[in-house]
Amino acid sequence: MTVRVRFAPSPTGELHIGGVRTALFNWLFARNQGGKMILRIDDTDLQRSKEKYLQSILDSMEWLGLDWDEGPRKGGQFGPYHQIQRLDLYQHEVNKLLEGGNAYHCFCTPEELARQKKQDAQRGLPPRYRGTCRYLTEKEVEERKKDGQSFVIRLKVPQEGETVVEDLVRNRVTFENKIFDDFIIVKSDGIPTYNLASTLDDARMEITHVIRAEEHLSNTPRQVIICKILGLDTPIYAHVPMILAPDHSKLSKRHGATSVQEYRDMGILPDALINYLALLGWSPGGDKEIMPLEEMISLFSLDKVSKNASIYDLKKLTWLNSHYLRTKEKAVAGKMAVPFLKEKGIVSEVGSEDEQRYLDEVVDLVREKVKTLQEVADAAIYFFREDFPYDEADVAKHFSREDIVPVLEKIAGVLGEVEPFQKETIKAALKTLGSSLKLKLSKINLPIRLAITGRTMGPDLLDVMALLGRDRVVERVKRAKQFCLDGKNEELI
RNA sequence: GGCCCCUUCGUCUAAUCGGUGAGGACACCAGCCUUUCAAGCUGGCAGCAGGGGUUCAAAUCCCCUAGGGGUCACCA
């Protein structure tokens with residue numbers, strides 16, 4: 001039997017990291033087992049499902065490299081893969097349930113149900129449907145229908161015995177049937193609810209393993225009951241732990257970045273996000289942390305998935321990101337940085353190959369000290385523009401020296417003579433200057449750095465200079481000298 | 001409230017059948033390196049929720065308590 005798993009998002013919002021982690025575990029399991037990954041769209045919520053979310057979710061999946069074997073943009077033999085296009089299939093099964101006396105029409109109004117729920121709450125009882133419509137006669141049902149009363153369809157849930165969920169993560173979980181009420185399987189708009197549609201599709205699509213978040217565990221016995229009544233085989237379940245926000249509550253927008261798109265905009269790399277999320281709730285055992293995708297696939301197994309919920313930690317993700325950022329091929333990193341440089345108005349177009357090559361070098365240099373593509377762009381500004389500002393605190397510290405003007409002048413003079421303008425030659429020239437002026441190297445280098453980058457931190461200064469080239473460096477040092485001169489003048493006045 | 005799940009450093013986690021100085025990573029702190037630094041290197045801090053059992057021996061098995069999370073929707 002070949003493994004078939006599915007990820008079934010509902011297009012009611014962006015793909016968030018919890019969803020990604022679920023998708024990832026499904027994907028890793030499928031790839032590890034040589035199975036199929038199915039993407040199904042659970043869009044039975046007419047009000048909240050939106051086309052833009054669907055597209056965004058698919059884009060996010062593709063960006064992450066979580067590809068699927070069957071589903072939207074792809075097709076497959078078990079389609080359609082949008083639940084909204086499978087209504088007739090559900091209808092068929094619902095009729096069977098109705099005919100077999102395992103389901104019934106319920107005409108109770110939402111208002112009435114709300115009232116009962118409130119009563120239950122007041123009495124400290126669990127909210128529970130009372131089975132009001134369970135024994136309506138066929139005639140009564142027909143009359144009410146003819147009357148135009150709206151109705152839902154409920155499953156007649158057996159109250160005897162217990163239902164067992166076999167779970168690869170939680171092991172065997174047992175529920176007593178008497179705790180279940182007759183839950184709704186078809187809404188008044190004629191569309192099945194999650195418990196029905198999902199169960200039916202999982203069976204119809206021959207899903208072998210249902211891997212999903214733990215929030216679904218409590219719902220699972222209802223799905224098992226449906227299978228039992230319909231004579232369907234239950235899939236093997238694996239309820240993976242949830243991802244919680246730093247305050248231990250369920251992840252929501254108020255916790256900051258939660259959607260894949262937001263991480264992408266921040267300059268997080270897909271590899272980093274994948275690696276980080278893989279480590280949340282799963283460990284290959286031992287000390288392994290940083291893993292290429294291939295290794296994750298070969299190491300992945302559901303019995304190493306932990307049972308307890310985990311709290312996501314942006315700092316570790318960022319740290320992983322810096323690792324992936326640095327180990328990417330130079331040209332690849334350069335390409336990835338382009339949108340961020342454009343976004344900040346640092347570059348407009350990268351036309352020629354030379355321009356791209358230069359950009360690649362800049363990114364290569366700058367990425368050593370930063371953690372995201374966003375920060376790469378921030379750190380790269382002075383490589384592309386002359387109008388960068390000087391950091392005020394640094395100016396106060398390094399441009400306020402008595403000898404700053406003559407020193408900058410000497411520096412400009414010396415650097416102007418360096419030929420060829422390369423790391424070693426520049427280094428030698430500055431060393432010579434330092435000893436002739438009896439100045440510590442830092443007394444020379446810091447002002448240069450500030451003059452040519454506007455700040456006192458960054459990559460290796462010699463690398464920066466070599467990449468900028470003699471003309472720009474000398475020009476900037478001269479400009480800094482003028483800046484200091486103006487400052488002095490102001491002080492004199 | 002009923003039901004279900006969970007509980008190892010602040011966070012993510014490791015620890016084949018019970019025997020470990022309870023290991024690693026991020027974060028944090030310190031030192032080193034260096035022309036700077038938010039980088040790198042080295043080191044440090046820090047944990048078995050609590051209480052009972054079982055056992056020669058418990059983070060590991062059992063029970064209880066506490067805490068956290070989930071679910072009980074005409075949302076998925």
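The figures that follow rest on heavy atoms only: side chains count, while hydrogens, waters and symmetry mates do not. Per chain, numbering begins at 1; letters A, B, ... match sequence-line order.
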Expressed in angstrom and rounded to an integer, what is the separation of Asp202(A) atom CG from rA76(B) atom C1'?
-> 13 Å
Using atom CG of Leu244(A) as one end and atom C1' of rU7(B) as the other, report the distance to the nearest whole Å.
-> 13 Å
Can you check the Lys50(A) NZ to rA76(B) P distance for me, whole Å?
-> 13 Å
So does Ser188(A) reach the base of rC74(B) with its side chain, donor to acceptor, closer than 3.5 Å?
-> yes
Nearest of rU71(B), rA39(B), rU13(B) to any side-chain atom of Asn308(A)?
-> rU13(B)
Taking atom C1' in both rU11(B) and rU54(B), compute the distance separating them and give it to the nearest angstrom.
-> 34 Å
Is any N or O donor-acceptor pair between the side chain of Glu289(A) and the base of rG24(B) shorter than 3.5 Å?
-> yes
Using a heavy-atom cut-off of under 4.0 Å over every strand shown, decide if Leu461(A) touches base, sugar-phosphate, or nothing.
-> base
Is Ser249(A) touching bases, backbone alone, or none of the nucleic acid, heavy atoms closer than 4.0 Å?
-> nothing
On RNA chain B, nearest-nucleotide positions of Leu280(A) versus Pro110(A): which is more 5'?
-> Leu280(A)
Charged N to carboxylate O below 4.0 Å: is that the case for Asp120(A) and Arg130(A)?
-> yes
Is Phe175(A) touching bases, backbone alone, or none of the nucleic acid, heavy atoms closer than 4.0 Å?
-> sugar-phosphate
Separation of Ile448(A) atom CD1 from rU35(B) atom C1', in whole Å?
-> 9 Å
With sugar-phosphate meaning primed atoms plus P, OP1 and OP2, does Lys288(A) contact a base, only sugar-phosphate, or nothing at under 4.0 Å between heavy atoms?
-> nothing
For rG1(B), which nucleotide is its Watson-Crick or G-U wobble mate, given both distances must be under 3.5 Å?
-> rC72(B)
How close or far is atom P of rC12(B) from atom CE of Met291(A), stated in whole angstroms?
-> 17 Å
At under 4.0 Å between heavy atoms, what does Ser283(A) touch on the DNA or RNA strands: base, sugar-phosphate, or nothing?
-> sugar-phosphate
For Ser322(A), report the nucleic acid contact type (base, sugar-phosphate, nothing); a contact means any heavy atom under 4.0 Å.
-> nothing
Is any NZ, NE, NH1 or NH2 atom of the basic residue among Lys427(A) and Glu424(A) found under 4.0 Å from an Asp or Glu carboxylate oxygen of the other?
-> no
Length of the OH-P vector between Tyr276(A) and rU11(B), whole Å | 12 Å
For Pro126(A) and Lys371(A), take the nucleotide of RNA chain B holding the closest heavy atom to each; which residue's nucleotide lies nearer the 5' end?
-> Pro126(A)
Which value, in whole Å, describes the distance between the P atoms of nucleotides rA46(B) and rU36(B)?
-> 33 Å
Looking only at atom P, what distance separates rC41(B) and rA22(B), rounded to whole Å?
-> 27 Å
Parallel, tilted or perpendicular: ring planes of Phe25(A) versus Phe300(A), cut at 30 and 60 degrees = tilted
Which is true for Val152(A) with a 4.0 Å heavy-atom rule: it touches a base, it touches only sugar-phosphate, or it touches nothing?
-> base
Measure the distance from OH on Tyr324(A) to P on rA39(B) and round it to the nearest whole Å.
-> 19 Å
Between Arg154(A) and Tyr129(A), is NZ or CZ placed under 6.0 angstrom from the six-membered ring centre and within 45° of the ring axis?
-> yes
Check the distance between rG40(B)'s P and Glu368(A)'s CD and give it to me in whole angstrom.
-> 9 Å
Please state whether the rings of Phe388(A) and Tyr390(A) are parallel, tilted or perpendicular, taking 30° and 60° as the class boundaries.
-> perpendicular
